[in-house]
Structures are given as structure tokens and as C-alpha cells.
Amino acid sequence: MRSRSDARQTIGERAYDVCIIGGGATGTGCALDAQLRGFSTVLLDAGDFCSHTSAASTKLVHGGARYLQEAIADLDYGQYRMVRKALHERIHMLRSAPFLAHPLELLVPCFSWWELVYFTVGMKAYDWIAGSASLFPSKMLTKAESLRRMPSLRSEKLAGTVSFADGQFDDVRFGITLAQTFAQQGGELINYAKAVAFGKDSHGLLALLEVEDQLTHERFEIRAKAFVNCTGPFADHIRLMANPALPQRLRISKGVHLLLPLEALQSDSALLVPKTEDGRVIFAIPWLGRLLVGTTDDEAQLTDDMVVTPAEIKYLLKYVNQYLNVNLTPQDVLSAFAGLRPLVKSKDAVSTKELIRDHEVEVDDVSGLVSVLGGKWTTYRAMAEDGINHAQKALAGRQAACRTLDFLLTGAQGYSPDYWKQLARNFSLSSETAQHLAEKFGTDAIKVLKLAERDPQLLQPLVENGTPIRAEVVYALREEMAQTINDVLLRRIGVQFHSWTEAAQSAPIVGELLAREFCWDDAQTRESITAYQASIQHLIFSAGIET
Ligand SMILES: Cc1cc2nc3c(=O)[nH]c(=O)nc-3n(C[C@H](O)[C@H](O)[C@H](O)COP(=O)(O)OP(=O)(O)OC[C@H]3O[C@@H](n4cnc5c(N)ncnc54)[C@H](O)[C@@H]3O)c2cc1C
């Protein structure tokens, strides 16, 4: 990516075919799709790229076993179609960035022979729908085999488990990688740039977007022929900005996840609790050295503070302790995060749990705005294809076919699961650091390590005995448009997901590297370190965790 200031300069001067508003899964996917079709494309986000829902998912590339269960129970063709589409997208997502996404075994614990048969039949149907896109076949496991695969499972009353396959990924790095790939294809993008108003032509169609730079508070304009609204939970706001007569379409639901010590699971497989007392599904998944547990599903407002509360922690820990042989308390929570699901309203659904996670492309006849609403991370590519198929109708006479199916994202070229060994050997890295770099950047890890050839200090870890190294910070600032400590520690390197404490400890060194790169004075550096550490304290305090 170019520097933010260079991007800002160009964007204000050029006119584009397509302008994508919102840089989460949907927006980065749409931007890459449009650029690959040969349309000059610009992408903007009001915050950092992937700073909302797309960083707060359960990190599963899945059709959704629960949705299939509901499709069968309610004879709901809409749910079935959504599961089938997601299962077919799953394999393409895994192929396009194998360093960020891979197959995962999930175990469904069963407490009677009837349950074992029921879930085996259900998961066989899941395999059958996936067809040639199946990852590996599901099977019924005996109690002994289940406990061999997951020794921490509570064995009392356990009849066995059903094993099935889905995919798992690093959501926020996937989004950053999509953005980076888009930039490499000649796309222009900018973060911290908020869409605040539209300008229209003499026919009332959108012709320009007024944007407020969130770092300098200056305003500038983007001119484009087509505007695509990919703002996830904020989509109604942009729709009404284009045409105040439109009805609201979204319902918002909050979902939280906890990160716990991986020792609680003692397994490479994940646990799926198929039905909680209030009809939810809970996952406990090994993810990047932690046990990721989620999620909740509660109606929410856009203005809610995105913190995890003691009640939410209590709810999730109750199920972890019930199904695993552990007794975890809130003090065991190492990190946590919350996100808002953008769900498209249906007339009948009473609660947000009942809303279908499918997407919808809306074209407003009055303003021409294309809105890509709802959906899932897993179907981001299909959503983008659908969205750009509609947007290109505004580009008179310029129809082009979608090219994203199995398009390799940057870092995927030449990648193999053993790639980290090459990095460890050639750059004398510990296995942990080499694996971490390979998992975050794929073969682009070389570009990160090249920075350290000129400045060997950058090979040092961020915190003593930690895995991430300082070169990643400099790479994030120079090549990935990171602007703040939060951008670096949460979305580029992932330290904040791993541990709140480790993230707070890493802040001073990240602040110094930011100051060096952006020529900050001492006061500005101190202020940003203190602000970041205070934001972590706020998360810990809101979660009711004693320090
Ligand atoms: C708890 C939870 C768990 C989930 N788990 C999974 C899962 O395991 N697998 C799966 O496939 N899906 C999952 N999902 C769904 C998936 O995460 C979302 O569907 C997807 O991330 C939505 O992406 P988006 O780009 O539409 O929205 P967002 O990621 O929210 O992006 C919207 C962007 O628009 C920007 N924006 C807003 N207003 C403006 C403006 N005025 N100007 C410019 N930019 C603006 C925001 O800053 C934001 O970055 C989960 C969702 C949740 C909440």
C-alpha cells in the first residue's frame, strides 16, 4: 500500500469508476472484485480497515451446521440455500490464502445414542451439500476415541461425539490481506476517511462523495460513477444519506468472544455445543495459541460501547466449565472482544437468533446507490461478485466478468505449510516467531524480514520472550497503512487478541516506532501510549477482571 498521505492526495484529484464505502470483509472483497474486472476503484473506511464486525467473528469459514439444522427443522429453503452457498465458498476461501485459513475438525458431544445418530445424519447431510467442496468426511466417534482426541471433554454421561469439518481463519489479517492485494492490483484506498454526504447530478443520481479525514478533520471529495455501500452494521445510515425516503433494513445483534488458555482444551480439534439452554450454539476453538470461546447473540444498538461485560463472561464460562473438565473463572480471561452482526430484517423473526445470515444487494432506483447488506465472512467473495455485478450496470457499456474465484491473495504464492521452516533457517528465527510470521503474512513474511536486514534491531521481540518482532510494526506502518498503536497491536499483529496484558506492555515500544516513522514529538508519543493503555484498562475494567 502507498502511504496514507500519498493516497489522500491522489484520491482527491482523480475520478473513479467505482467507490466502495466501508473496508471490512464486504468492502475489501468488493474493491478487489471491481479492480480485477478493470474498473478504477477507490475504497475508504471511517476507521481502520476491518475495525468493526470483520475483526470480531468466530473465525470460522463455514456453512453453519446450526443453520442446516434450522433449514431441516423449519423446511426453510432460504436457510438451506445460504448453507449450500457458504459451503461452496468455503473451499475457495481456504485456497485463496492457505496461510490464513485451513480446515478444522469440530466435535459435537452427544449424551445418548439417539443424539449420536441425529447429529451423524445431520453432518452427513452437511457433507453431501458440500459435495466435491467437502473438506473431510464427518464420522461418529466412540466415547474412547472422542476422549483420545479431546482429553479435556467431561466424560460423565458422554456417549460419543460426531466429528465434522469446517474451515478456520484469521479474520482481521484476511481483511488486511484483501486490502493489500487490492492495492497491488492498482486500487486506491484510505483509512480514517468517513463518508459524510453525497453530491448528485442533474438526474438525482450519486456523483460525488464528501469525505471527512478523521485524523486532520479536513474535508475532500471523491468522484465516481458507481457507489457501493459496504458499511456492515452502519449500512442504513449510508442508505438514508443517499435517499432519506428508504426504510431501515438492518437489525443489529451483539456477539462476544473470550480468549482463554489453550491448555483448557488440550486438543487440535474444536468443540461445538449444539444447543444452549436459550437455543444458541457455542464454539470452543483452538486459535493462534489460545482457546477462543463464543458467542452470544443479543439485540444491540450501534451506539453501544463494544466491551465484554461480566454477565457475558459468566454466560460463556458456564458452558466451557460444563462441557470441559475445567473450572475457569473470569480471572482466566486473557482477552475478549465484541462485534455487531448486520442482519437484514425479516418480517417474522422475533429475535436476532432467528434471522437468516444471508446477504442482499439493494439498488436504490432514485440515487443509484448499491448496498450490500448482511451476509457472512465466509460468503464475502460471492457477496462481492453479486454487488459488483449490480454496480457495473452504472458503468454504461462496460460489463466485465468476475475474476476472484480461486484468485490467490498476496502471500499465498509459493506458500506451503512448511514455509516457516525456511524462514527460521534463513533468518535464524525461533520456531514460534517463524510460524507466527508465516501465519500472518504467508510468503510476504520475506518483505517483513528484509526490513531487519537493514536494521537488525528490528529482529528483537516486541516484549521480552514474546513471539512478534519489531519489524512487523515497521512493516505495518510503511506497507499496511497502520496509523495508531491499536491498528498495529490489534489488527496487524494480533497481540491484543492474544493477551490484553501483553498488548499493554508492548505499547511503549510500538509508540516509539510510530514516533520514529511519523516524526512525532515526545508529548504526542506519550499521549498515544497512555491513551492505548487506558483503552486496554477500560476493557479489563468493563469485563470485571481484577488486576
Ligand atoms: C459475533 C460474530 C461472529 C461471527 N462469526 C462468523 C464466522 O465465524 N464466520 C463467518 O463467516 N461470519 C461470521 N460473522 C459474520 C461476519 O463477521 C460479518 O458478516 C462480516 O464481518 C461483515 O462484514 P462487513 O464488511 O459487512 O461489516 P464491517 O466489518 O462492520 O465493516 C463495515 C465498515 O464500514 C465502515 N464504515 C461505517 N460507516 C462508514 C462511513 N460513514 N464511511 C466510511 N466507512 C464507514 C466501518 O468503519 C467498518 O470498517 C460473525 C459476526 C459476528 C458479529
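The basis for the numbers below is simple: all heavy atoms, side chains too, and nothing from hydrogens, waters or symmetry mates. When a ligand or atom number is given, it counts from 1 through the structure's own listing order. We number each residue from 1, following the sequence as shown.
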- Under 4.0 Å between heavy atoms, the region of Ile238 that gets near ligand 1 turns out to be side chain
- Message: Once you restrict to heavy atoms under 4.0 Å, what part of Lys59 touches ligand 1? Side chain, backbone, both or neither.
- Response: backbone
- Message: To the closest 0.5 Å, what do you measure between CG (Asp166) and CZ (Phe136)?
- Response: 9.0 Å
- Between Cys230 and ligand 1, which part of the residue brings a heavy atom under 4.0 Å of the ligand: side chain, backbone, both or neither? backbone
- Message: To the nearest 0.5 Å, what is the distance between CZ on Phe99 and CD on Glu439?
- Response: 11.0 Å
- Lys/Arg cation over aromatic Phe497: Arg290, 6.0 Å, 45° cone: no
- Query: Taking the non-hydrogen atoms of His257, is any one of them nearer than 4.0 angstrom to ligand 1?
  - Reply: yes
- Task: Determine, stepwise, if the pair Phe164 / Tyr126 fulfils ring-ring contact (aromatic ring centres under 6.0 Å, His included).
- Result: CA-CA 9 Å; Phe164 73 101; Tyr126 198 64; 5.8 Å; yes
- Note on the structure: Heavy-atom nearest pair, Lys254 first then Glu312, reads NZ-OE2, 3.0 Å
- Note on the structure: among protein heavy atoms, the one nearest atom 26 (O) of ligand 1 is Thr26 OG1, 2.7 Å
- Heavy-atom distance to atom 14 (N) of ligand 1: which of Gly27, Gly339, Ser57, Pro342 wins? Ser57
- What's the shortest distance from atom 27 (O) of ligand 1 to any protein heavy atom, and which residue and atom give it? Gly232 CA, 3.4 Å
- Message: Give me the nearest non-hydrogen protein atom to atom 30 (O) of ligand 1 as residue plus atom name, then the distance to 0.1 Å.
- Response: Thr53 OG1, 3.0 Å
- Note on the structure: At under 4.0 Å between heavy atoms, what of Phe234 touches ligand 1? The answer is side chain
- Query: Between Ser253 and ligand 1, which residue portion shows a heavy-atom distance shorter than 4.0 Å: side chain, backbone, both, or neither?
  - Reply: neither
- Message: I want to check something: taking the side chain as every heavy atom from C-beta on, are Leu373 and His359 in contact at a cut-off of under 4.5 Å?
- Response: no
- Query: With a 3.5 Å cut-off and no angle check, do the side chains of Asn389 and Arg37 form a donor-acceptor pair?
  - Reply: yes
- Message: Taking the basic N atoms (NZ, or NE/NH1/NH2) and the acidic carboxylate oxygens, is any pair closer than 4.0 Å for Glu385 and Arg381?
- Response: yes
- Report the nearest protein non-hydrogen atom to atom 33 (C) of ligand 1: residue, atom name, distance rounded to 0.1 Å. Asp45 OD2, 3.5 Å
- Task: Identify the protein heavy atom lying closest to atom 52 (C) of ligand 1, giving its residue, its atom name and the separation to 0.1 Å.
- Result: Arg341 CG, 3.6 Å
- Item | By side-chain contact (heavy atoms from CB on, under 4.5 Å) - contacts of Val366 (at least two apart) | Asn243, Asp364
- Filtering Gly29, Ala235, Gly47, Ala46 for the heavy atom nearest atom 44 (N) of ligand 1 leaves Ala46
- If you measure from each non-hydrogen atom of Leu60 to ligand 1, which part falls under 4.0 Å: side chain, backbone, both or neither? both
- Query: Can Ala86 be said to touch ligand 1, with heavy atoms closer than 4.0 Å?
  - Reply: no
- Note on the structure: Nearest non-hydrogen protein atom to atom 20 (C) of ligand 1, with distance, is Ser54 OG, 3.8 Å
- Do Arg4 and Ile190 touch side chain to side chain, with heavy atoms closer than 4.5 Å? yes
- Query: side chain to side chain donor-acceptor pair (under 3.5 Å): which pairs involve residues 172-181, sequence neighbours left out?
  - Reply: Arg173-Glu480
- Note on the structure: of all protein heavy atoms, closest to atom 16 (C) of ligand 1 is Trp377 N, 3.6 Å
